[in-house]
Amino acid sequence: MENSPGDPRGNVARTETAVEIIALHKWYGEFHALRDINLTVARGERIVICGPSGGGKSTLLRCVNRLEDWQRGRIVVDGIELTDDPKHIVAVRRDVGMVFQQFNLFPHLTVLENCTLAPIWVRHMPKKDAEQLAMNYLERVKIPEQAQKYPARLSGGQQQRVAIARALCMNPNIMLFDEPTSALDPEMVKEVLDTMVELAGDGITMLVVSHEMGFARQVADRVIFMADGQIVEINEPKGFFDSPQHERTRLFLQQVLR
Amino acid sequence: MAPMAEAAYLRTAPAERLPPPADRGGATGWLRANLFSSLGNTALTLICLSFIAWAVPTLLRFFVFDAVWSATDRGACLASPVNPEPGACWAFVRVWSSYFVYGFYPLGQRWRVDLFFLALAFGVAWLAWLAAPRRDIGAVYFFVVLPVLSYVLLCGAPLIGLAGVPTTLWGGILVTVVVATVGIVVSLPIGILLAFGRRSDIPVVKLFAVTFIEFVRGVPLITILFMASVMLPLFVPERFAPDKLMRALIGVAMIASAYMAEVVRGGLAAIPRGQYEAAQALGLPYWRMMALVILPQALRVTLPNIVNTFIALFKDTSLVFVVGIFDFLRTIEAARVDPHWATPVTSVTGYAFAASFYFICCYGMSRYARGVETRLARAHRR
């Protein structure tokens with residue numbers, strides 16, 4: 001897939017590789033949660049990660065912005081190596097947006113304040129500019145009229161779209177989606193997926209943990225199948241869905257595509 | 001599958017939208033629902049009514065109708081043919097009132113105390129009124145300007161012509177308000193820091209916070225006050241030892257901070273992990289995350305407990321009497337044995353006066369906190 005190096009969201013030095021994960025191992029106590037993960041994500045690439053629960057998908061995603069730490073291996077994001085150095089960690093987090101399964105909006109702030117919080121306090125943007133920026137993104141996710149409401153008044157789908165707008169307000173180079181539609185009522189899944197499809201058209205690098213196979217087919221450049229803490233299979237969507245190589249992948253696809 | 005038409009329970013027309021059932025409104029409806037809903041409730045209501053019927057007239061008689069409002073000495077408060085069963089001796093409170101407020105603060109300098117009360121009331125009102133303009137300046141006034149101003153006013157500053165007043169002369173409501181305010185104002189920020197410390201990943205910070213909280217919390221306030229005023233001079237030459245009131249203030253502030261730390265920690269524990277993660281994922285550094293995302297939610301959750309701690313602290317200030325400081329309650333204790341006013345009702349009157357002062361202050365805090373809670377709840381819920 002081609003990159004789009006011309007886009008204007010230049011936060012850090014642009015590298016051809018957005019994310020590089022090298023020989024990553026993680027243990028939870030005795031449990032070997034991630035086993036020798038190697039993955040290179042090119043700039044602008046859109047990757048969907050699927051697999052059975054407990055397979056390490058979310059854990060891997062959360063390592064990319066260091067919400068989880070690991071015991072062995074390296075991760076380099078936008079040319080910055082994630083070490084224990086808090087400066088590196090904060091630098092990566094400013095550059096990587098994340099959307100959670102449970103939305104995690106800040107309930108004590110309005111929708112607009114949720115979106116402007118990080119631009120104002122992390123990017124030191126004047127309040128007026130931050131609000132302008134936030135309104136732009138709220139319009140893009142099609143809920144500008146909810147800006148003054150508190151999150152609890154919004155439906156799940158609306159909340160998740162606010163969460164996407166909030167992440168976009170930091171002008172990230174990379175977006176992480178951790179099962180963004182799993183906590184939604186069926187009728188709200190589509191509005192969130194539509195927003196993500198539109199975002200995919202912008203050329204932003206996306207890593208999505210999801211079971212929405214239709215979405216994977218439509219926008220993914222590569223689909224990753226993870227099980228038991230390992231990457232079992234990586235392929236382009238067509239090959240992945242039409243001729244899965246591994247028995248494990250085939251079984252999984254039979255279950256979810258039934 | 002059977003054809004749809006055969007399913008008898010299917011609707012053929014949409015269900016009507018009905019208004020809610022009418023309330024059995026009016027006073028009788030309310031009475032029946034709240035006071036006489038069952039046999040047990042009716043019995044309870046009657047018992048309470050008869051208690052009120054018995055107690056209220058007695059109290060009114062003692063504290064209002066038969067009370068002695070003005071007199072020059074104890075004579076009027078003693079039983080006499082004119083007033084065979086005298087009520088409360090308010091005249092005693094009136095005569096002693098300036099002592100109850102100022103202690104032995106020099107007569108000519110009492111305007112300084114009044115000014116301090118005014119400045120404090122102004123600051124409290126500024127911060128407590130949620131819709132007040134420029135509450136940020138209000139906070140600076142309250143936490144920076146007011147302490148300095150109060151210190152200069154109360155202790156004196158010979159440089160600008162305010163005579164020094166040693167704290168041994170302070171007393172009454174002045175001391176109670178100073179101790180309570182310092183305790184409250186110091187305990188909240190320090191308690192928050194200690195709570196952060198206790199949840200910190202840095203072992204040294206955590207160890208310090210845990211040790212401080214557990215040690216201070218495990219020792220009675222009286223012990224700390226005694227240690228501060230009796231033990232300290234054994235180790236430090238009297239010349240360098242801090243002022244007696246200052247020692248008590250530090251003791252009270254330490255205790256209050258330790259309790260506050262645990263209250264705040266309870267609030268922090270109630271905030272879901274996802275809130276921390278969302279804030280971190282946005283790149284907010286630790287202190288920003290705590291100040292902007294976590295703390296506002298935690299304090300809201302735990303507001304009733306915070307006010308509870310404040311109220312307990314306000315009442316605990318009366319313990320400073322054990323180290324010879326004349327707080328409000330102690331001034332009443334001292335005045336009620338004045339032979340000039342010794343009557344059977346003097347003590348009761350004095351204690352009733354003290355009780356009403358504490359009640360008004362504590363109930364006021366409680367009501368205010370309820371108001372803030374409802375306000376916050378209204379804003380953030382659906």
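Just so it is clear, the structure is predicted and the values come from calculations on it, not from any experiment. To find a chain, count down the sequence lines: A is the first, B the second, and so on, and within it residues start at 1.
- Annotation: A:E139, atom CD; neighbour count of heavy atoms from other residues, nucleotides and ligands within 6.0 Å is above 12.
- Within 6.0 Å of OH in B:Y368 there are more than 12 heavy atoms belonging to other residues, nucleotides or ligands.
- Inter-residue side-chain proximity for B:L284 and A:L117 is flagged as met; some heavy-atom pair is nearer than 4.5 Å.
- When side chains are defined from C-beta on, A:P107 counts as touching B:Q275, because their heavy atoms get closer than 4.5 Å.
- Counting all heavy atoms, side chain and backbone alike, B:A278 lies closest to A:F106 at CB-CE2, 3.9 Å.
- Using a 4.5 Å cut-off between heavy atoms, A:L105 touches chain B through its backbone atoms (N, CA, C, O) alone.
- More than 12 heavy-atom neighbours from other residues, nucleotides or ligands sit within 6.0 angstrom of CZ on B:R217.
- Inter-residue side-chain proximity for B:Y276 and A:N104 is flagged as unmet; no heavy-atom pair is nearer than 4.5 Å.
- Crowding of B:Y151 atom OH: a count of heavy atoms from other residues, nucleotides or ligands under 6.0 Å not exceeding 12.
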**Message:** Run the side-chain contact (heavy atoms from CB on, under 4.5 Å) test on B:E277 and A:M98 for me, step by step, so that the C-alpha distance in whole Å, both residues' side-chain angles and the decisive distance to 0.1 Å come before the verdict.
**Reply:** CA-CA 10 Å; B:E277 290 178 351; A:M98 184 156 191; over 6 Å; no
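- A:R94 places no side-chain N or O within 3.5 Å of a backbone atom of B:L282 that could act as its donor or acceptor partner.
- Under a 3.5 Å cut-off, the side chain of A:H108 and the backbone N or O of B:I294 do not form any donor-acceptor pair.
- At most 12 heavy atoms of other shown residues, nucleotides or ligands fall within 6.0 angstrom of atom CH2 in A:W121.
- When side chains are defined from C-beta on, A:R66 does not count as touching B:Q280, because their heavy atoms never get closer than 4.5 Å.
- Residue contact with chain B, scored on non-hydrogen atoms closer than 4.5 Å, involves the side chain of A:F100 exclusively.
- Within a 6.0 Å radius of CD in A:E187, other residues, nucleotides and ligands contribute 12 heavy atoms or fewer.
- Annotation: maximal heavy-atom pairing with chain B below 4.5 Å, among A:L67, A:V96, A:V90, occurs at A:L67.
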